[in-house]
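Step one of this worksheet: look at the structure below.
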Amino acid sequence: MGSFHSRSEEVQELADKTGFTSDQIEHLHRRFKQLSGDQPTICRENFDNIPDLELNPIRSKIIRAFFDKRNLRQAPGGLADEINFEDFLTIMSYFRPIEMDMDEEQLDRFRKEKLKFLFHMYDSDHDGKITLQEYRKVVEELLSGNPHLEKESARSIADGAMMEAASICVGQMEPDQVYEGITFEDFLKIWQGIDIETKMHVRFLNMETIPHCH
Amino acid sequence: MQAKGFGGASSFRALPFLFGVAALLGLLPLLHSHGLQPNPMLASEPPHLYPPGVHGGKPGVVTSPPPENVQDTPPQYKQPSNQSKPTRKAFPVLGIDYTHVRTPFEISLWILLACLMKLGFHVIPSVSNIVPESCLLIVFTENLGTILIFAVVGTLWNAFFLGGLMYGVCQIKGTGLNEIGLLDNLLFGSIISAVDPVAVLAVFEEIHINELLHILVFGESLLNDAVTVVLYHLFEEFATFPRVTFTDILLGFLSFFVVSLGGVFVGVVYGVIAAFTSRFTSHIRVIEPLFVFLYSYMAYLSAELFHLSGIMALIASGVVMRPYVEANISHKSHTTIKYFLKMWSSISETLIFIFLGVSTVAGDHRWNWTFVISTLLFCLIARVLGVLGLTWFINKFRIVKLTPKDQFIIAYGGLRGAIAFSLGYLLDKSHSMREMFLTAIITVIFFTVFVQGMTIRPLVDLLAVKKKQETKRSINEEIHTQFLDHLLTGIEDICGHYGHHHWKDKLNRFNKKYVKKCLIAGERSKEPQLIAFYHKMEMKQAIELVESGGMGKIPSAVSTVSMQNINPKTLPVDRILPALSKDKEEEIRKILRNNLQKTRQRLRSYNRHTLVADPYEEAWNQMLLRRQKVRQLEQKMNNFLTVPAHRLDSPTISRARIGSDPLAYEPKSDSGNLPIITIDPASPQSPESVDLVNEELKEMKRFPPSPEEEEEEEGLVMRASKEPSSPGTDDVFTPGAGDSPSNQRMLRCLSDPGPRPDPEEGEPFIPKGN
């Protein structure tokens, strides 16, 4: 956001689009500027400045999610090279907590959006389903914090999980049937028991303290 | 699920109490008379059958008369002396001496009676698996703020509201209560206001309400102990002061923090010591449960010693020691601790309520209608108002708001119990209002436990409150939950928001880096949570299969999905490469047959020398039998993958091992004496061997030209059709799907200490994990 002459209007526009309040937008904007070094856009390298993120095992997936065009609602696939503030807000809006005044339909839509975000993180080749390879990669990354672990452990766990998913989604399978991968509908089925709308949120309420990133 | 007989299982819990009271009414005269004539009666009956000085614990009874009594004096013996010579006492072969065992006998009898009542009315609930307990802890930590507010502010509100209103009532002329001062009333208020954990647990366990509500009320009842202790002592002390100054109040406020935080601190210290001790108990497994019990009890006593909150110390020590001790102790100790605690808690609960009943019936009472009725009324009102007010406040900060239904359950579930009674009982005997207080306390307890306790269940059903979900946690859920955790932590870091996830992550990291190394023995500290969870799940499913009487019956949970369904590259061989020439095939077959025979021979020789020759190795036999069973169930589990065992197996694996105690089943590296049993194909006479060889052949065909595809072959290759191949073989060497790498790995994981040291069959394909 270059010049702020019609700032409040822009803020209002963004608020309507993403659902944040203007306070939260201001705050996120400050954070955005910190990350980008006062540039209008962020590229991947900017995320390297966050020290705490280094320790996160799924770091690369998280960063990728920011640039995923599907999350940015720009295209059905592909990655962007850089994102501006509006895109940043769009990604952040996936993590808004639910509000009391939402009705059933809104809640359902909200939930689906969050799950879609997660789905895109798993499905790295943008083909619309999570294949065994992708799942294996996910588990490997999750366990990457332990250098002592053999690769096979991760693989076996992923295989076991995949088979469980297959049995949940398809049920009994003949030996010659092949389960291609977890589609989004199957993904929804797996997540049925867990209420993600209450879990997948970040509290944007009190964010006065902004740590300085180097 | 429960025997829905006569209007709610929660009523049944009160029934043993009722029976206990009724029965004790009958016992009362006996107790009384017994109390009146202790010594002379007992001294006149020397315990002939037992050495002098040893008796059943009756205090105050004179030690039995010297042994010469037995020979010399003509007896006033109770037992019929059916020996022939009346002038000389014959050796008493059989006798009765009830007084000797009277006390423990009666106590045991009453406990037994109460337990039988419980048995009669209860359906024993299914054994909960490991996961819900940890779920409850997670729910607890997430809702800690709410719980603390309810516990502290709620109890304070109850105490002061009740005390104040009672003081008002006491001021009314004509009630006969005018002499009760404000401080007395406040003291009474503080005694009666605390929600009781025992009562809550007893009732809420029956109604299977959703975890959130359960933990809110239960957590509140546990944590309000600190408040109760402080208020009680405060008002007791203040009653002796001529004037209460502001400083005193301030000190009281301060003492609250000291009591609660001090209690937690004591608990943490004991928890850490217990965890540290458990690190070294790998050689003496039998005393592990003792350590856990003793350290916990010591934590409680130490806290009570300093007038700190004993309950909080107990909770803190339990919470701190649990993850580390669980990782260190053996499977048997774990089971022992679990069941002992359940048993003791059951007994204690029964005894508490019996004590309450006896005191009701046999104690001095002073009944004052006004006092009792107004106490009851104000208790209810205070609770409702408190919950409503606090929920309104708390809901501003909660993501998952508490609905009015939830609020009703929380308010209705505020049961009073034995803690209130004990505090009243402990009042100084000279306190003028003691009897009246006790009467009122007992009435309130009766009312809340009976009326509220019994009706809460139908109300829960009526209001359609969300019940506990009985779903088992799947591996998918575990993966997703962890993924989500990391994702949220990452987002919080990006936002720059030091939230809940950030601190949790930091704590975990600190725990992993420093604490686990100190408190957990050996290599187990490095096992990540996902792997541990996976092991646990596998073991549980394996055990379930075995226990369900395995052979031929596949539980419905196990589906027929196998590796082929998800990884098509492991599908049949025909498309992969051209057939080998005939003589090459023959050659391969010959090699295989030789190898298989060699294995059999080796194993047979092992048999001769160890199993038969040494009849005292019963344990080994047991182990072999179990392995055989496991092997048989492997045939059934064609879709279970296993994680190759880490060098030193995780505690979950070693717990599932049989010889976890005396036959310390430590994985040894490469000792040739180790009885490593591998799956051995059937003897050449059986028709299956040919199939097996073909199977091997197919696998062999697959391997040579595709080393890069080796990566893909690592899944299990057993097919569904092979399953019923070994119906009832008693042979340890059950026919399997051949000595493929997958079987090796499965073996390793399930029981074996490691791969065979003998590099023979199909070596190049087995990635050496040792």
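Computed over heavy atoms, backbone and side chain alike; hydrogens, waters and symmetry mates excluded. Per chain, numbering begins at 1; letters A, B, ... match sequence-line order.
The number of heavy atoms from other shown groups lying within 6.0 Å of CD (A:E54) is above 12. For NZ of A:K137, the number of neighbouring non-hydrogen atoms (other residues, nucleotides, ligands) closer than 6.0 Å is 12 at most.
Looking at residues two or more places apart in sequence or on another chain, you find a side chain to side chain contact (heavy atoms under 4.5 Å, CB included) between A:L55 and B:R509.
A heavy-atom distance below 4.5 Å is not found between the side chains of A:W191 and B:N476.
Within the 4.5 angstrom heavy-atom criterion, only side-chain atoms of A:I58, from C-beta onward, approach chain B. Both the backbone and the side chain of B:I479 have a heavy atom closer than 4.5 Å to some heavy atom of chain A.
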Sequence neighbours excluded and cut-off under 3.5 Å, please list the side-chain donor-acceptor pairs for residues 114-125 of chain A, or say none.
from, atom 1, to, atom 2, distance (Å)
A:K114, NZ, A:Y94, O, 3.2
A:K114, NZ, A:R96, O, 2.7
A:K114, NZ, A:M200, O, 2.7
A:H120, ND1, A:N71, OD1, 2.9
A:H120, ND1, A:K116, O, 3.4
A:Y122, OH, B:H480, ND1, 2.6
A:D123, OD2, A:R70, NH1, 3.4
A:D123, OD2, A:D127, N, 3.4
A:D123, OD2, A:G128, N, 2.8
A:D125, OD1, A:D127, N, 3.4

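Heavy-atom pairs under 4.5 Å with chain B were tallied for A:A65, A:A161, A:A165; the largest tally goes to A:A161.
Of the candidates A:I63, A:I91, A:N56, A:I62, B:I494 forms a side-chain contact (heavy atoms from CB on, under 4.5 Å) with just one, namely A:I62.
When all heavy atoms are compared, the tightest approach of A:M92 to B:C495 is CE-SG, 3.5 Å.
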